[in-house]
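Notes to accompany the following structure.
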Amino acid sequence: MCAKLSSNIVVHRLASDLGLRVSADPVRAILSFCHRVVKGFLADYPDCPSPAKLLDLLANKLGTRIVEIHAPEDLHRTMQEYTSRGERAFATLEQELSDNQSYGITIKLQNREPWEPAYVSVIDCRGRKLQRAYHTKWHELGHLLILTDQTRLAFRRTHDPTQPKSAEESLVDTIAGEFSFYPRMIKPFALGEISFEKIEEIRVELCPEASLYSSVLNVTKLWPTPCIWVEAKLAQKKSERSIGQQAFGFRETPPAALRAVYATPNDAARQLEITIIPNFRVPSQSVIHSVFYDDVPFAEAEENLAMWESSGGTRLPNRRVRVKAKRIGDSVHALIVPL
């Protein structure tokens, strides 16, 4: 994702607007810029203990008030509060948040009091959107961290899995992921062999609003010892996804199989050149397969990566690993640790 973003003209232009040097990797340059800004803010609060507290600090420093919407009453109260003061952008707030893809919006106040923050970040926490609320808050702060157009009146966070994200939204998501699990606050707690229990302890202690999904994904990246995070769910091969209505009649779509739809090694695993190829079919002998099909909440086993084989015959290297598999929603997450 970062390599693709770094070649996008919008990202290069943003880096230039931020006063950064021309670089082949503008995403990394922008992230470094954000780290410098946050480090400067932390100079006023050097003992900030957690990403949850850091979020409050950044909201204050970046000049936004975070408003959570948990019920229709919260939405109507917020609309009334600001429209009564002539803030017309709030008149359409209900429509802005009405669909399942709209998670948050940050609005610049036009008639604010001198003591008020310049922005209001409205976070939709209703229904299933609640599990994404922590990331949505960081997403809105991400927009403000890289704001160059001071005349811009609103930012929106949408999530439609059927549509590709814009370069700006993808970049802001990257920033949100970086700081919602701020490395210097997480790494001191990443001790010993990684496990779902240790990840949950970190989540509860440092960022209790974060979802289990995002915690597993982001904490795994920061763990100092080698680990591959895998999410497995029913999916088709890329070559099968477009099969359906064909030019010469209808063909049935091939049945989905349990595949590693996401597979991300952390830095320590990359150094050992250990990885899982995304979209590989999960071996029937793997504990990942058992957890998915036997409806088991968790299981652990020692396995060999060589059992992973593609339909074309490509096989992973001979390597013994410990696999810890846990069902989360409609998928199975696995932590694969080399032995």
Side-chain angles (χ1 to χ4, degrees), residues 34 37-38 40-42 44-45 48-85 87-98 101-147 150 152-159 168-169 171-182 185 203-204 206-211 214-215 218:
C34 292
V37 173
V38 172
F41 291 157
L42 282 169
D44 295 333
Y45 189 9
C48 183
S50 69
K53 295 296 184 182
L54 179 62
L55 188 148
D56 295 335
L57 173 66
L58 261 62
N60 178 269
K61 292 290 189 180
L62 294 170
T64 192
R65 174 195 174 195
I66 294 177
V67 176
E68 297 184 6
I69 304 298
H70 292 270
E73 295 78 15
D74 300 332
L75 179 61
H76 297 149
R77 187 185 312 114
T78 301
M79 292 174 63
Q80 173 61 28
E81 176 184 351
Y82 287 100
T83 55
S84 65
R85 295 165 41 186
E87 299 290 350
R88 291 181 293 177
F90 286 83
T92 59
L93 190 58
E94 188 166 15
Q95 292 93 316
E96 292 276 4
L97 300 176
S98 62
Q101 282 77 48
S102 298
Y103 285 74
I105 179 171
T106 294
I107 299 172
K108 186 174 185 179
L109 298 180
Q110 301 302 296
N111 301 295
R112 70 184 181 100
E113 299 292 342
W115 46 266
E116 275 188 302
Y119 297 91
V120 176
S121 297
V122 182
I123 312 299
D124 196 346
C125 303
R126 295 173 294 176
R128 297 187 65 181
K129 294 180 182 179
L130 178 61
Q131 64 183 342
R132 296 181 180 270
Y134 180 69
H135 182 80
T136 301
K137 291 177 183 179
W138 278 103
H139 183 97
E140 298 305 306
L141 294 184
H143 275 296
L144 294 175
L145 270 171
I146 58 173
L147 179 64
Q150 300 297 326
R152 191 167 176 180
L153 299 181
F155 319 96
R156 296 164 181 80
R157 188 210 169 197
T158 60
H159 178 76
E168 180 184 1
E169 288 298 292
L171 175 63
V172 173
D173 265 345
T174 300
I175 295 169
E178 182 86 0
F179 291 95
S180 58
F181 293 84
Y182 194 44
M185 295 175 177
R203 186 192 72 81
V204 171
L206 301 179
C207 35
E209 289 187 54
S211 67
S214 64
S215 300
N218 288 288

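From a predicted model like this one, the values you see are computed outputs, not experimental measurements.
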Got a list of side-chain donor-acceptor pairs under 3.5 Å for residues 54-63, not counting sequence neighbours?
from: K61; atom 1: NZ; to: D44; atom 2: OD2; distance (Å): 2.6

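Between E87 and N111, the closest heavy-atom pair is OE2-N, 2.6 Å. The minimum heavy-atom distance between M79 and A91, with the atom names listed, is CE-O, 3.5 Å.
We find the CG-CZ distance between L75 and R77 to be 10.0 Å, quoted to the nearest 0.5 Å. The OG1 atom of T106 lies 5.5 Å from the CG atom of L144; values are rounded to the nearest 0.5 Å. Atom-to-atom distance recorded for R112:CZ and Y82:OH is 11.5 Å, nearest 0.5 angstrom. Between the NE2 atom of H76 and the CD1 atom of I69 there is a distance of 9.5 Å, given to the nearest 0.5 Å. Atom CG of L109 is separated from atom OH of Y119 by 9.5 Å, given to the nearest 0.5 angstrom. In this structure, the separation between CG on L206 and NZ on K53 is 12.0 Å, given to the nearest 0.5 Å.
Within the 3.5 Å criterion, the main-chain N or O of P208 finds a donor-acceptor partner in the side chain of R203. Distance alone, capped at 3.5 Å, places no donor-acceptor pair between the T136 side chain and the I123 backbone. Between the side chain of T92 and the backbone N or O of Q95 there is no donor-acceptor pair closer than 3.5 Å. For the pair E68 (side chain) and I66 (backbone), a donor-acceptor distance under 3.5 Å is absent. At distances below 3.5 Å, not a single donor-acceptor pair connects side-chain atoms of R65 with backbone N or O atoms of P117.
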Side chain to side chain contact (heavy atoms under 4.5 Å, CB included) between V122 and E140, intermediate numbers included: CA-CA 9 Å; V122 182; E140 298 305 306; over 6 Å; no

E169 and H143: CA distance, side-chain angles, deciding distance, side chain to side chain contact (heavy atoms under 4.5 Å, CB included) verdict: CA-CA 9 Å; E169 288 298 292; H143 275 296; 3.0 Å; yes

Derivation and outcome, side chain to side chain contact (heavy atoms under 4.5 Å, CB included), residues L42 and V38: CA-CA 6 Å; L42 282 169; V38 172; 4.0 Å; yes

Chi angles and distances behind the side chain to side chain contact (heavy atoms under 4.5 Å, CB included) call for C48, M185: CA-CA 9 Å; C48 183; M185 295 175 177; 3.8 Å; yes

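Here the side chains of V120 and F90 are in contact, with some heavy-atom distance below 4.5 Å.
Relative ring orientation between Y134 and F181 is described as perpendicular, the plane-to-plane angle rising above 60° on a 0-90° scale split at 30° and 60°. Note on ring orientation: taking the six-membered ring where Trp is involved, the planes of H135 and H139 are tilted (angle from 30° to 60°).
By the side chain to side chain donor-acceptor pair (under 3.5 Å) test, E209 pairs with K137, sequence neighbours left out.
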